[in-house]
Amino acid sequence: MSAHDHDHSELSPMELRVRALETVLSQKGYIDPVALDVLVDTYQTRIGPRNGARVVARAWVDAGYRGWLRRDATAAIASLGYSGRQGEHMVAVENTPARHNMVVCTLCSCYPWPVLGLPPTWYKSAPYRSRAVRDPRGVLADFGVALPESTEIRVWDSTAEVRYLVIPMRPAGTEGLEEAALAALVTRDSMIGTGLPLAPPPRAR
Amino acid sequence: MTYRSHADLGGRPGFGRVTPEPEGELFHAAWEPRVLAMTLAMGATGSWNIDMSRAARETLPDYARLGYYEIWFAALQRQLAECHLVEPDEAAAGRMLHAAPPVARKLMAADVAAVLAKGSPTERPALRQARFKLGQAVRMFAGVVPHHTRLPGYVRGKCGVIARVHGAHVFADAHASGRGEQPHWLYTVVFDGAELWGDTRSQRLKVSVDAWEPYMVAA
């Protein structure tokens, strides 16, 4: 993924400008270029929504853990090894038949990085940021999700340094599944509140 | 001087549909991850704080027509120039032309994991009692804020209820303008959809923001 893999003649004006700045920062001794590689690799391979899926699956199988998430999500999530930047103050919000939670940052792109990684493009986009607080059912329709009229939609606009993780409802027919198989059903979007977990594979039903 | 944020989008019409994206599709050009990493690495030098970075981004005059990482890149260049760490002629030339003023820290590759795992918690010891308690009705400040703020326009002047009390946190409004941390109590304030939007589409809708004590008065 590094810009340095490409020949100069192929580079766009933006690529050239970014490469130029990186060169200056490196010459001035402000950055370690290898640290930049490590940062990118971290968010491409180690810190992403599979972390959050583990948290959700644990909450589904372990009532004690679910209670800990309610009381102190930061500590409960850290116990699985996920903590730090953009997840310093975590709150877990649980979906129920009566209430569906959805998370947005209308002012920028605040997102719980340790459990979900970097936000998807749509999360940072004007359509989502403008409409999530105004017409969340319309946003859900864009994702192909329709909820019963009786379900309250609860939108959390992360306007400070608290970060929210949605705990979706455990899908029906998953009683026989182990934690790892359950985690595979937990989608990124279901932990933001714009989607639902996947249905279990037929054999598990 | 007036302060104008172009980032306060909550409730504004006309932006169209949301386009879903598969999990794992993080970047759309090779330069984007470099901008992400440069921004994080320069943030780690201690030359500015995250609220200053948000202010630098949201006040870019062409914010609305820039892509996400273009915004990050433009703001990074702006902050580097304002701090005289990288002058515009250096960014244009792609090489160092002036002496390098020292920075407090440099993020080395070996320290990345530890620095990310530590993060930057914003909770601070409370210096006074919280003025509001769970379930209390509050009204949000209704006026114009002449500096960076995290009080979205769509809740200004609206009545809500304290739903969570988060302790005292670094106050973004002060922190963004170099006036220190000035911790204040932080609350989740929840609003009925009808209070915000006044229409039937908003039935069975509740929206909350996280808001510092100076943003509100008892209702």
Side-chain angles (χ1 to χ4, degrees), chain A residues 1 3 6 14-15 18 20-25 27-32 34-36 38-40 42-44 49 83-85 87-89 106-108 118 120-122 124-131 133-136 139 142-143 151-162 187-188, chain B residues 7-12 15-21 23 26 30-31 33-38 40-42 45 54 68 73 77 85-86 90-91 94-96 100 103 106-109 112 116-123 150 152 154 166 169 172 186 197 201 204-211:
Chain A
M1 276 311 288
H6 298 275
M14 194 63 191
E15 304 262 11
V18 171
L21 185 63
E22 185 174 337
T23 301
V24 178
L25 291 176
Q27 287 176 348
K28 291 200 151 186
Y30 296 149
I31 58 164
D32 170 12
V34 183
L36 267 56
V38 174
L39 282 163
V40 173
T42 298
Y43 288 105
Q44 281 183 323
S83 65
R85 185 185 171 88
E88 293 92 345
H89 307 286
T106 62
L107 297 176
C108 50
L118 301 175
T121 302
W122 57 261
K124 308 176 287 193
S125 73
Y128 184 68
R129 286 161 54 192
S130 61
R131 276 175 67 214
V133 293
R134 177 78 181 86
D135 180 24
V139 169
D142 289 347
F143 285 85
T151 301
E152 175 190 287
I153 312 279
R154 174 71 169 84
V155 181
W156 303 79
D157 189 355
S158 2
T159 51
E161 298 299 341
V162 179
T187 63
R188 175 197 63 202
Chain B
D8 186 4
L9 300 182
R12 284 174 50 187
F15 290 109
R17 290 167 56 90
V18 180
T19 308
E21 186 175 51
E23 207 171 297
L26 294 179
W31 58 267
R34 303 312 287 182
V35 169
L36 166 82
M38 268 194 274
L40 298 189
M42 285 311 300
T45 65
R54 290 192 182 117
Y68 184 73
F73 185 64
Q77 286 192 303
L85 297 177
V86 176
E90 297 179 298
R95 62 194 171 87
M96 176 174 168
V103 294
K106 178 176 179 179
L107 178 63
M108 302 306 292
V112 166
L116 292 179
K118 182 163 172 274
S120 303
T122 54
E123 188 167 2
R150 299 290 292 178
Y154 73 91
H166 295 288
H169 283 252
L186 180 71
W197 313 115
R201 205 165 27 136
R204 283 181 293 283
L205 168 63
K206 287 189 189 301
V207 180
S208 67
V209 300
D210 292 333

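Within every chain, numbering begins at 1; the chains are lettered A, B, ... in the order of the sequence lines, protein sequences first and strands thereafter.
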So which part of [X] gets closer than 4.5 Å to some heavy atom of chain A, the side chain, the backbone, both or neither?
X        : answer
B/Leu116 : both
B/Val112 : side chain
B/Leu186 : side chain
B/Thr122 : both

Exercise. Could B/Glu23 and A/Arg188 be called an ion pair, given the rule that one side-chain N must be under 4.0 Å from one carboxylate O?
Worked result: no
Exercise. Going by an N to O cut-off under 4.0 Å, is there a salt bridge joining B/Arg54 and A/Glu161?
Worked result: yes
Exercise. Quick check: does any side chain N or O of B/Lys206 sit under 3.5 Å from a backbone N or O of A/Glu152, one acting as donor and the other as acceptor?
Worked result: no
Contacting moiety of [X], where chain B heavy atoms sit under 4.5 Å:
X        : value
A/Ser83  : both
A/Glu88  : side chain
A/Pro120 : both

I need the residue from [options] with the largest number of non-hydrogen atom pairs under 4.5 Å to chain A.
options                            : value
B/Arg12, B/Arg95, B/Arg17, B/Met42 : B/Arg17
B/Ala91, B/Ala41, B/Gly16          : B/Gly16
B/Pro152, B/Ala109, B/Ala211       : B/Ala109
B/Gln77, B/Lys118, B/Met108        : B/Met108
B/Val18, B/Asp8, B/Leu40, B/Thr19  : B/Val18

For this session: Might you work through the side chain to side chain contact (heavy atoms under 4.5 Å, CB included) test for B/Trp197 and A/Arg134, ending with a clear yes or no?
Result: CA-CA 7 Å; B/Trp197 313 115; A/Arg134 177 78 181 86; 3.3 Å; yes
Among [options], which residue has the highest count of heavy-atom pairs closer than 4.5 Å to chain B?
options                               : answer
A/Thr121, A/Val139, A/Thr187, A/Thr42 : A/Thr121
A/Tyr30, A/Trp156, A/Tyr128           : A/Tyr30
A/Val162, A/Ile153, A/Val24           : A/Ile153
A/Ser158, A/Cys108, A/Ser125          : A/Cys108
A/Val38, A/Leu36, A/Ile31, A/Thr151   : A/Leu36

For this session: Check whether any side-chain heavy atom of B/His169 lies under 4.5 Å from a side-chain heavy atom of A/His89, and answer yes or no.
Result: yes
Problem set entry | B/Leu36 vs A/Leu39, side chain to side chain contact (heavy atoms under 4.5 Å, CB included): CA-CA, chis, key distance, verdict | CA-CA 9 Å; B/Leu36 166 82; A/Leu39 282 163; over 6 Å; no
For this session: State the CG-OG1 distance between A/Leu107 and A/Thr159, to the nearest 0.5 angstrom.
Result: 6.5 Å
Considering all heavy atoms, the nearest [X]-[Y] contact:
X        : Y        : value
B/His166 : B/Asp210 : NE2-OD1, 3.8 Å
A/Val40  : B/Ala37  : CG2-CB, 3.8 Å
B/Lys106 : A/Gly29  : CD-O, 3.2 Å

Problem set entry | Geometric class of the A/Trp122/A/Phe143 ring pair [parallel <30°, tilted 30-60°, perpendicular >60°] | perpendicular
